[in-house]
Amino acid sequence: MDASPNPDLDFEIRASAAAVAPGTREQLLAAPGFGSVFTDHMATIRWTEKDGWHDARIEPYGPITLDPAAQVFHYGQEIFEGLKAYAQADGSVAAFRPHANAARFNRSAARLAMPALPGALFVRAIELLVRQDRAWVPTAEGHSLYLRPFMIATQVGLGVNKPSSSYLFAVIASPVAGYFNGELRPVKVWLSEDYSRAAPGGTGEAKCGGNYAAAFAGQRQALEHGCDQVVWLDAAERKFVEEMGGMNIWFVHGSGAHARIVTPAPTGSLLHGVTRDSLLKLAPDLGVPASERRVCVADWRDGCASGEIAEAFACGTAAVITPIGEVRSQSAGWIIGDGKTGQVTSMLKEELVGIQYGHKPDRYGWMHPIA
Ligand SMILES: *Cc1c(COP(=O)(O)O)cnc(C)c1O
């Protein structure tokens with residue numbers, strides 16, 4: 001579908017008359033958890049076949065009223081993004097690689113037969129929302145403002161022979177602490193041999209709610225087996241590692257000056273993480289070669305047994321980098337390295353987080369100043 005003819009759309013700003021009082025806001029910011037506290041405003045833009053993108057607004061955060069026959073409720077035509085704005089060392093606020101999220105949003109939109117949103121409009125919505133709710137950008141160490149852009153199909157009707165003819169794009173914002181409680185605690189993972197997250201030709205490369213709906217049963221199994229997260233294998237053979245929950249996965253081969261990192265190569269069914277892409281560029285700068293290739297479960301297990309693989313970790317916007325300490329499945333179980341957070345994992349996290357908070361040089365121009 002065509003992009004909007006008016007990418008420079010003006011946003012109407014409707015300030016909230018019921019903004020949270022400063023004292024209450026400070027209390028909420030002291031222990032925000034993850035994704036449970038929301039700011040005073042949201043950004044919305046509507047799309048119809050006739051008018052393209054229109055009615056761009058910053059408006060009070062609140063419920064969205066939809067007809068019960070709106071297509072999103074029945075056929076799950078929905079996509080989303082996740083990125084963060086960080087209080088910088090110099091007192092300003094900047095988002096990490098928002099244009100990369102805008103590009104991925106449009107790849108997801110294409111796969112779900114939804115209209116493209118001009119990247120400039122995606123980024124503008126984020127800028128205006130963060131400026132409006134600047135007081136909600138946390139300054140505590142490790143905290144940030146998580147941004148959740150999403151798009152839903154709003155056409156009323158149960159016909160299934162074509163995609164919706166109208167859509168709502170919105171951005172909401174949530175102050176967050178670290179995802180896995182801040183500290184670098186290694187997680188235990190469960191290899192899902194019963195369920196698949198995504199299949200060749202499916203929607204695995206798109207960031208859509210449907211992928212998550214399909215993943216909950218596997219995630220529940222992981223919890224039932226005493227694990228924190230599920231690791232997905234390829235759908236055809238259940239032999240190759242794809243992702244960990246909603247994060248991309250990495251293996252550290254060798255150690256010290258000989259360390260190198262490997263992540264599963266894109267197969268069409270795994271998500272192209274912005275964090276994954278950032279590590280592919282950053283790690284070599286730190287003397288750690290990074291490559292993409294197919295990784296089979298047997299090699300992971302054998303590599304840990306021989307000591308060749310001393311660390312594994314997952315990466316994504318929410319938790320940045322999370323060490324993996326132990327693997328379990330129906331038939332096997334093993335510890336990675338000494339089960340603790342490895343040196344390479346810690347070093348990469350420190351570098352990436354240093355860039356995001358403005359403590360380290362931003363050599364690639366990833367930080368987008370907002371306020
Ligand atoms: C969002 C997501 C990731 C991580 O992507 P980032 O851009 O690094 O946050 C990885 N896997 C899945 C399934 C995701 O939805």
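Any value given below was found using the heavy atoms of this structure, including those in side chains, with hydrogens, waters and symmetry copies removed. We're numbering straight along the sequence, starting at 1. For ligands, and for the atoms within them, numbers begin at 1 and follow the listed sequence. Model, not experiment: these values are computed from the prediction.
- Contact annotation: the side chain of Tyr195 never approaches that of Leu233 to less than 4.5 Å [non-hydrogen atoms, C-beta and beyond].
- Using a 4.0 Å cut-off between a side-chain N of Lys or Arg and a carboxylate O of Asp or Glu, Asp228 and Arg185 qualify as a salt bridge.
- Checked for salt-bridge contact, Asp277 and Arg97 meet the test: a charged N lies under 4.0 Å from a carboxylate O.
- The salt bridge (charged side-chain N to carboxylate O under 4.0 Å, His left out) contacts involving residues 114-137 comprise Arg124-Glu127, where partners must be two or more places apart or lie in separate chains.
- Residue pairs meeting the salt bridge (charged side-chain N to carboxylate O under 4.0 Å, His left out) criterion with at least one partner in residues 196-209, sequence neighbours excluded, are Arg197-Glu243.
- Annotation: salt bridge (charged side-chain N to carboxylate O under 4.0 Å, His left out) contacts involving residues 247-276, sequence neighbours excluded, comprise Arg260-Glu308, Arg276-Glu292.
- Protein residues with a heavy atom under 4.0 Å from ligand 1 are Arg104, Arg197, Lys207, Tyr212, Glu243, Gly246, Met247, Asn248, Leu271, Gly273, Val274, Thr275, Gly316, Thr317.
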